[in-house]
Amino acid sequence: MSEHKFSTNALHAGHDTTVNGGTRAVPIYQSTAYVFDNADHAANLFSLAEFGNIYTRINNPTNDILEQRLAALEGGIASVVASSGTGALNTALLVLLKAGDHIVSSNSLYGGTYNLLSVTLPRLGITTTFVDPSDPANFGKAVQENTRAIFVESLGNPKLDVLDLKAISAEAKAAKVPFIVDNTVATPALLKPIEHGANIVIHSLTKYINGNGTALGGAIIDAGTFDWANGKFPEFTEPSPGYHGLVYHDALGPAAFIAKVRIEGLRDHGACLSPFNAFQIIQGLETLEVRMQKHSENALAIAQWLEDQPEVSWVNYPGLKSSKYYAHAEAYLPNGQSSIVTFGVKGGFESAKKIADETKIFSLLANIGDTKSLIIHPASTTHQQLDDAAQESTGVTKDLIRLSVGLEDVEDLKTDLKQAFATIDKSVLT
Ligand code: PLP
């Protein structure tokens, strides 16, 4: 299927109707385990002499279709789905890293990821240096002898900085470490990090790929391009005590990492995706391309309109000519810049909180990428646990409102924002 174009793969990749009872829709295989043909078959599956289903924490036929489809859409060799975006990132990092290892990461991240890297992983002895991603050389400068990964979000949430992925991937290549890109906000419909040098792509499927706000999920997609035998990753070139002496690099070649994610990562950390959620996510994935076009069109229209509103002090959307990321957006996101728009309101923290309280169509909640429009005031919610310096570095100011612009009629969305703006204290406007 991967020779087909994006929208064809989004609808068909991975689903062979001749082996799934002829079902046109992808069926849900709601089974925890799979009957072995006989004892030899069971032994062969466990020793990897044969590939096949053992237990749904490790593999499942519905999940397998989603995995094949995501790999085709991102241009990777294989993928593993997980219980959430956070589950996917955690699993990828814990398969790759051990106590004493180090990550160089962009500081422009989703708040939960920032906490994982800055608070939780250090408790396990895995540390991170955060760098300003606007200068790709900062990544190379922060590399240490024990660095084992460079991590970024292709389109930072909520800073909306479009990174120069090609230049950052060159830094990772020089450091001989994998370049891991969270592509949640852009999605492969707008940007394919592997084409720009990413070795591993992470997704929260919870957002645009599901699209309806009905199921959490995550994915790890392997480009199959990283050289695990470069001397820095003995876990892949020496016998694994976690899988009866298997040497991943010798046995699985370019698929060494993604195989280890499935065999050891899902087995030991258990962040597997429910097949029911995989089914829900597949329904969304089928229409991803058209939704991302409409999200982007609506978001740009709202961003342009916000620039003219007296209550608004600044607007950030990479598709705006006024954006400092416009040149990168033209290079990396020429077909649209996704749904998130951030803006500052006069009157700061209190005005921003009030507006978030007063919209009627925009729902006040902590999510992005739903077909419905969403609003949040990060400083009092998602980023509340970060101190001022950490808030600042992740791009969150006190006056910032984040919108995820949905697929409603854009005139209705403007009317909704206008009536919410009308409720703030007028003295701040003068
Ligand atoms: N990555 C990004 C860019 C996100 O915005 C989020 C959640 O908001 C995540 C990862 C985590 O995803 P999940 O909520 O599915 O764990």
Side-chain angles (χ1 to χ4, degrees), residues 63 66 70 74 79-94 103 105-118 120-121 128 130 133 151-163 165 180-191 193 198 200-221 269-274 277-278 280-281 284-285 292 295 299 318 333 337-342 363-370 374-378 381-386 394-396 400 402-405:
N63 294 14
L66 177 58
L70 289 167
E74 282 287 6
S79 134
V80 166
V81 289
S83 55
S84 66
T86 307
L89 180 60
N90 250 307
T91 305
L93 294 179
L94 292 176
I103 304 166
S105 171
S106 160
N107 64 13
S108 171
L109 298 176
Y110 156 62
T113 302
Y114 191 87
N115 250 301
L116 170 69
L117 299 181
S118 63
T120 303
L121 289 183
T128 294
F130 293 97
F151 176 72
V152 302
E153 288 178 8
S154 51
L155 181 52
N157 174 20
K159 205 178 206 171
L160 302 178
D161 43 348
V162 186
L163 301 195
L165 296 180
I180 308 177
V181 179
D182 179 331
N183 197 34
T184 298
V185 180
T187 84
L190 300 177
L191 169 68
I200 297 166
V201 175
I202 303 290
H203 274 285
S204 167
L205 304 174
T206 318
K207 316 298 176 188
Y208 304 91
I209 289 181
N210 170 261
N212 299 299
T214 56
L216 276 101
I220 304 161
I221 297 130
H269 302 297
C272 56
L273 184 68
S274 145
N277 277 20
Q280 294 277 82
I281 290 163
L285 184 55
M292 292 315 288
H295 272 302
L333 293 162
Q337 300 79 38
S338 197
S339 78
I340 305 180
V341 177
T342 59
S363 303
L364 173 57
L365 57 77
N367 196 13
I368 54 170
D370 196 322
L374 316 173
I375 188 167
I376 200 152
H377 177 226
T381 56
T382 51
H383 288 63
Q384 185 196 72
Q385 278 103 48
L386 304 186
T394 55
V396 171
L400 180 149
R402 185 188 72 190
L403 303 178
S404 178
V405 180

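Atoms within each ligand, like the ligands themselves, are counted from 1 in listed order. Start at 1 with the first residue, then count along the sequence.
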*Asks:* Quick one: do the Ser204 and Thr206 side chains pair a donor with an acceptor below 3.5 Å?
*Replies:* yes
*Asks:* Considering only heavy atoms, which of Asp182, Thr86, Leu155, Leu89 lies nearest to atom 2 (C) of ligand 1?
*Replies:* Asp182
*Asks:* How close does the nearest protein non-hydrogen atom get to atom 5 (O) of ligand 1, and which residue and atom is it?
*Replies:* Asn157 ND2, 2.9 Å
*Asks:* Using 0.5 Å steps for rounding, measure from the NZ atom of Lys159 to the CD1 atom of Ile340.
*Replies:* 14.5 Å
*Asks:* Go through the steps for Asp182 and Val152 under the test side chain to side chain contact (heavy atoms under 4.5 Å, CB included), then give the verdict.
*Replies:* CA-CA 6 Å; Asp182 179 331; Val152 302; over 6 Å; no
*Asks:* Could you identify the single nearest non-hydrogen protein atom to atom 6 (C) of ligand 1 and state the distance to 0.1 Å?
*Replies:* Tyr110 CD2, 3.5 Å
*Asks:* For ligand 1, is Lys207 a contact, meaning one of its heavy atoms is under 4.0 Å away?
*Replies:* yes
*Asks:* Relative to the heavy atoms of Ser204, which atoms of ligand 1 are at a distance of less than 4.0 Å?
*Replies:* 9 (C), 10 (C), 12 (O), 13 (P), 15 (O)
*Asks:* For ligand 1, which atoms sit closer than 4.0 Å to a heavy atom of Gly85?
*Replies:* 12 (O), 13 (P), 15 (O), 16 (O)
*Asks:* Quick one, Asn90 and Thr120 - any side-chain contact, counting heavy atoms below 4.5 Å?
*Replies:* no
*Asks:* Between ligand 1 and Thr206, is the shortest N or O to N or O distance under 3.5 Å?
*Replies:* yes
*Asks:* Which ligand 1 atoms, with their elements, are less than 4.0 angstrom from a heavy-atom of Glu153?
*Replies:* 3 (C)
*Asks:* With the side chain counted from C-beta on, respond yes when His295 and Ser338 share a heavy-atom pair under 4.5 Å apart, and no when they do not.
*Replies:* no
*Asks:* Is the side chain of Ser84 donor-acceptor paired with the backbone N or O of Leu216 at a distance under 3.5 Å, no angle test?
*Replies:* no
